[in-house]
Amino acid sequence: MAYNFTAIEKKWQRYWLENKTFAALDPAEAGGMSKAYVLDMFPYPSGSGLHVGHPEGYTATDIISRYLRMKGVNVLHPMGWDAFGLPAEQYAIKTNTHPRQTTERNIGNFRRQIQMLGLSYDWDREVDTTDPDYYRWTQWIFLQLFNSYFDPVDQKARPIKHLLQELMNENLVVAPDGSVVLNPTQEGMESIAGEMRIERLWRELPADEQRDVIDAQRLAYMDEIPVNWCPGLGTVLSNEEVIDGKSEVGGFAVERRPMRQWMLRITAYADRLLADLNLLEWPESLKEMQRNWIGKSVGAEVDFEMDGDEDLAVSVFTTRPDTLYGATYMVLAPEHPLVDRITPADRREAVESYRRMIAARSDRERMADGKQKTGVFTGAHAVNPVNGEKIPVYIADYVLMGYGTGAIMAVPAHDERDFDFARANNLPIRPVVKPADGSTPPADRAFVGEGIAIHSDVINGLPTAQAKEKIIAVLDGEGTAHRSVNYKLRDWLFSRQRYWGEPFPILLDKEGRAVAIDESELPLRLPEMDDFKPTGTPEPPLSKAADWLNVQRDGQTYTRETNTMPQWAGSCWYYLRYIDPHNKDRFVDPDKERYWMPVDLYVGGVEHAVLHLLYARFWHKVLFDLGHVSSNEPFARLVNQGLILGETEYHVFESASGSPVSAAEARNIGEENTGSGIQLVAYRKNGDEKLIGRRLDEAEVEKVADGYVLRDNPAIRVDVRSFKMSKSRGNVVNPDQIVGDYGADCFRLYEMYMGPLEAQKPWNTRDIVGMSRFLNAAWRNLVGDDEPAGSAVRIVDSAIPDDLNRQMHRTIRKVGEDIAALRFNTAIAELIKLNNDMGKLTAVPRELAENFTLLLAPFAPHIAEELWQRLGHHKSLARRPWPTFDESKLAESTMELPVQVNGKLRDRISVPADADEQTILAAAAKSEKVQPWLAGKTLRKQLYVPGKLVNFVV
RNA sequence: GCCGAGGUGGCGAAAUUGGCAGACGCGCCGGUCUUAGGAGCCGGUGGAGAAAUCCGUAGGGGUUCGAGUCCCCUCCUCGGCACCA
């Protein structure tokens, strides 16, 4: 009879909640216990509920947490809700319910689903980013950003007060562009300072300008810049939220338009965010994604004077200053501000029409064009500072305004893009670098590698690295170039024109300048509104909250900032709040923070690589600089769980007429939403004919040598693959269903047994039964078939047979090692093996039964607790000592050794474990199966690898 | 195109330092109990072969007594980036 998992699981889930079994101890109570902070990426509680992908990571961290508790470690293992955000609000609008209601309902459903899996969270530490007691501190951290600036000398954030002081005591001065620079007179530059002095002292500035200067230095600042405006969502989006020119949420079109927005100065931290990746135990691929996103490139900015306008120079950014002599033209981004100034009257028409053409094209169309490079001559010429040569200036959309200086020197001989453009416009191509190995580079494309400088005057003969150094030094001396570093990373666009987010703790005066509200006024609550819909314009919904909007302070009228923070704000620091979730005075108590941080293990999906994980690291570093946290990085070790795909599907391609086409004949296989759901589509090789995939039943296909074919038409190859689970594809597996049918313990085991945690793997419901059989067999082994309630009839107080004792110790070792290394699949395999062996006994010795139960507990906690109780214990096993293994019990008295002849296996011999090499070789040579292979041959060598094998070479 | 990860039975996967390829689970085959089996139990299961034996870790080459594992080349799959100067 199968064990009653439903009753058992309910019973123990209630027990754990009522007894607060998994409460983490505060440092004061923990004594000498070591700590472990084991964290899951908290979910966005969507309306569709938990997905089978969520419990994969949650179960992994749960196993670790339960294991560590049994090892006597103080474990912090919390869960919460990232509950602000677009989907809840979109849903609220669609159904005309307040997002607060839908969010509460979704959280309730998520909590129920997560608790039904028996995960050992400390529920007293649950956080919800939409709770005013939580977002009060999100707003507080925003004020920290607002009241700080980045000190470029020390490379760290400091309070804005410090900046003010430095300006007032004239260590810093204000440059013409409003930026803050070191006072040259403080730098031993008095001699030239007199004539160069264009910077101004703080006290010389009018009050308004003083405020502008300070505001421009803040880590949270307002700026009017071109942003990603998404009319479909009625909000702007950050670069990270735009994928292929469309919104990541909903897939709506995004357009560039200038808007005044809150920005966070993450670029100031680019270097530290990049360098500190080396301190982290994270997957290499994920670190690489962050490196790519930060996109550091080291080079030089070089000034090119404009021919005929001595006052005007255009600065270009290049990573290859060693190729300056090969620059045969210059290109500005079409929207570059100097274009109007340099374009002579007779070229205006051509330039303007090109710009109009570019503006009408979407990013998509631009990208689709690939190597087709367009552009027009401006009519102006620039002077190359290395040789005085006059080169034509073009505008072309392959140069981006947003990167570097928005202008390049074009070296077609050594840059692919410049090469393509030069070819298309008949511009000269002049090689100035030759390969170091003396080979001749192909003439039909650019040679982009490093080499030796040629035709380059002062740097002739130098290898690339040295040539770069020297040319920068020479030009720097002439004042026409300087070393420069550029990043792809942009400042973080931090405003959203939506209702369901944290309000900014900011007031705007009549001139639109920002004033922070006092910390004592936090939290600044979202106003209750019946109409929270987007306005259809960039004006945020909060502007409709008339009572809330206007504020009187000191006789002045202010309006509140009506933008809200983006979804990522709350998740930037939630791991800190878990440490001290009910603190009314601080966002986290410093002693507790020091005890628990950094997070020892963080598990979540790779989709957060450049959003959450980069933003959170940035906030953490700011908090660190300001002395609010003790750690430089928040997440010491991070693991990405692999995606769980839907069940494997078989498709045959069919032409429009319905006749089958072999998958071998298909190209560009992809998915398309055809209105009747998502379909697999492809095109016929050597043609444009569109093919549609038709889903097949497993029985209709057959495996052949190197693939699958139609059973009744083996000439037709079949497409076999697993798809990402999605509602529109209809292949989503619901955890409620699985837990109902098989129980939570079985579900947990199956998810962990599918394969390595990090691997992407297809779901296969049919396989679950294996884990169900395992649990039922374990139950039968210990409890028996028709047990009286509460008993464990198959337990005896006798010694464990030798071979089983050895197996038990082996299992204790293997399971412990595997859990520590997150190899849950092989740990479970070992438990199954031990259980299979126990099944051969007529009764199970108590020690074996108890150890097995404890080893099983992290994986299948409900059945383990029940078995533990039936074994006569009255308290939960959650903090029982983890079994220990005895090295001496692992040793066998005899060992079986393979015997090879010329590396091929011929026999296995059994010898005493302590036999010496001579004895073993002699025994091996005598083996009947080995003899024929040695007969008549000369024995050239005999090898004995201790404990491993014997090999004869003949 | 560039970067990263990977390719092992019908399927999911194992395999410390190079040392018995396929642990464990699914499926499948045979047996058993049963009024019944989509339950349980026992046995088998990489391919070919009656067997001896041979062949087998994407393909090709190499190093080695010995290669899934190390080196070189090629192919394929997945993920990321993609005019970033």
Side-chain angles (χ1 to χ4, degrees), chain A residues 1-2 244 283-289 291-293 295-297 299 316-320 323 331 366-367 369-371 373 396-400 402-411 414-418 420-421 486-489 606-607 609-610 640 642-643 645 648 698 702-703 706 708 720-722 749-750 753-756 758-771 773-774 776-777 780 785 817 823 825-833 836 839-840 896-908 932 940-943 945 947-954:
Chain A
M1 211 186 87
D244 291 338
E284 198 47 46
S285 61
L286 193 146
K287 290 195 203 180
E288 198 58 29
M289 284 165 72
R291 287 190 194 107
N292 288 340
W293 191 260
K296 180 179 185 173
S297 46
V316 304
F317 175 70
T318 177
T319 55
R320 289 296 298 272
T323 62
V331 187
R366 271 174 72 157
M367 280 187 275
D369 269 357
K371 282 199 161 185
K373 300 220 170 355
D397 73 339
Y398 81 91
V399 173
L400 310 173
Y403 188 78
T405 60
I408 62 155
M409 64 166 192
V411 184
H414 304 294
D415 182 282
E416 302 274 6
R417 296 150 299 178
D418 297 342
D420 295 337
F421 189 80
N486 254 286
Y487 300 93
K488 273 162 60 176
L489 183 69
V606 72
E607 65 273 19
V610 292
N640 290 125
L643 204 61
L645 302 171
T648 304
E698 210 181 327
E702 189 171 25
K703 170 87 186 184
D706 52 348
Y708 283 83
V720 182
R721 68 180 68 204
S722 307
L749 279 173
Y750 172 67
Y753 195 66
M754 289 169 80
E758 298 89 337
Q760 172 171 298
K761 44 217 170 252
W763 180 269
N764 188 2
T765 298
R766 196 170 63 185
D767 284 345
I768 299 175
V769 69
M771 295 301 109
R773 285 177 191 155
F774 165 53
N776 276 298
R780 261 196 323 275
D785 245 336
E817 284 172 359
R823 290 188 302 250
N825 52 337
T826 50
I828 295 168
E830 204 65 20
L831 286 168
I832 293 172
K833 219 184 319 188
N836 289 346
K840 296 185 179 104
E896 197 177 66
L897 285 180
V899 181
Q900 301 180 339
V901 178
N902 286 349
K904 292 206 177 219
L905 180 73
R906 294 305 175 191
D907 196 13
R908 298 187 173 92
R940 295 222 333 255
K941 205 169 175 185
Q942 345 183 23
L943 283 118
V945 184
K948 292 286 185 191
L949 54 57
V950 174
N951 190 13
F952 294 112
V953 185
V954 297

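It should be emphasised that the depicted structure is a prediction, and the values quoted were computed from it without experimental measurement. A, B, ... follow the sequence lines: proteins, then strands. Residue 1 opens every chain.
The Lys373(A) side chain lies nearest to rC83(B) when the options are rC83(B), rC81(B), rG80(B). Proximity note for Thr319(A) (side chain, C-beta onward) versus rC3(B), rA85(B), rC83(B): the nearest is rA85(B).
What separates OH of Tyr708(A) from P of rG9(B) is a distance of 10 Å, to the nearest Å. Regarding Asp420(A), its CG atom lies at a distance of 16 Å from the P atom of rA85(B), rounded to whole Å. A straight line from NZ of Lys488(A) to P of rC81(B) spans 9 Å, rounded to a whole angstrom. Remark: C1' of rA82(B) and CD of Glu416(A) are 13 Å apart, rounded to the nearest angstrom. Remark: P of rA15(B) and CD of Glu817(A) are 12 Å apart, rounded to the nearest angstrom. Computed from coordinates, the Gln760(A) CD to rA5(B) P distance equals 16 Å when rounded to whole Å. Atom CH2 in Trp293(A) sits roughly 16 Å away from atom C1' in rG79(B) (whole-Å rounding). Going from atom NZ of Lys287(A) over to atom P of rA5(B) covers 13 Å, rounded to whole Å.
Between Phe421(A) and Tyr398(A), the ring planes lie tilted relative to each other; the angle falls in the 30° to 60° range.
Taking the side chain as every heavy atom from C-beta outward, Val950(A) and Leu943(A) never approach each other to under 4.5 Å. By the 4.5 Å heavy-atom criterion applied to side chains, Thr319(A) and Phe317(A) are counted as neighbours.
Residues Val606(A) and Gly406(A) each lie close to RNA chain B; by heavy-atom proximity, the contact nearer the 5' end of the strand is made by Val606(A). Nearer the 5' end of RNA chain B, as judged by each residue's closest nucleotide, is the contact made by Glu284(A), out of Glu284(A) and Arg320(A).
Using atom P as the reference point in both rG12(B) and rA23(B), the two lie 15 Å apart (nearest Å). For rC24(B) and rA14(B), the P atoms lie 14 Å apart once the distance is rounded to whole Å. rC11(B) sits 29 Å from rU53(B) when the P atoms are compared, rounded to a whole Å. One P atom belongs to rA5(B), the other to rC73(B), and the distance between them is 16 Å to the nearest Å. A gap of 12 Å separates the C1' atoms of rU8(B) and rU69(B), to the nearest Å. If you take atom P in rG68(B) and the same atom in rA58(B), they sit 10 Å apart, rounded to whole Å. On the C1' atoms, rC65(B) is 30 Å away from rG49(B), given to the nearest whole Å. On the C1' atoms, rG22(B) is 16 Å away from rG27(B), given to the nearest whole Å.
Across all their heavy atoms, Phe774(A) and Leu831(A) have their closest contact at CE1-O, 3.9 Å. Nearest heavy-atom pair across Val953(A) and Asn902(A) is CA-OD1, 3.4 Å. Across all non-hydrogen atoms, the minimal contact from Val610(A) to Met289(A) is CG1-O, 3.9 Å. In terms of heavy atoms, Val331(A) sits closest to Ala410(A) at CG2-CB, 4.4 Å. Across all non-hydrogen atoms, the minimal contact from Asp418(A) to Asp415(A) is N-OD1, 3.0 Å. Counting all heavy atoms, side chain and backbone alike, Pro762(A) lies closest to Thr648(A) at CB-OG1, 4.0 Å.
In RNA chain B, the stems built from three or more successive Watson-Crick or G-U pairs (distances below 3.5 Å) are B:1-7 with B:75-81, B:10-12 with B:24-26, B:27-32 with B:40-45, B:46-48 with B:53-55, B:58-62 with B:70-74.
In terms of phosphate contacts, Tyr487(A) brings no side-chain nitrogen or oxygen within less than 4.0 Å of OP1 or OP2 of rA85(B). Between Arg906(A) and rU53(B), a side-chain N or O to OP1/OP2 separation shorter than 4.0 Å is absent.
Within 90° of 0 lies the glycosidic angle of rG9(B), which makes this nucleotide syn.
The environment of CD in Glu698(A) is sparse: at most 12 heavy-atom neighbours from other residues, nucleotides or ligands sit within 6.0 Å.
The residue Pro756(A) sits close only to the backbone: its heavy atoms come under 4.0 Å of sugar-phosphate atoms, none of a base. Among the protein residues, Lys703(A) comes within range of the sugar-phosphate backbone only, with heavy atoms under 4.0 Å from sugar or phosphate atoms but none that close to a base.
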Completion exercise
A correct 5'-to-3' footprint of nucleotides 18-26 of chain B, with B, S and - meaning base, sugar-phosphate only and no protein heavy atom under 4.0 Å, is -BB--BBSS
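Atom NZ of residue Lys488(A) and atom OG of residue Ser297(A) lie 9.0 Å apart, to the nearest 0.5 angstrom.
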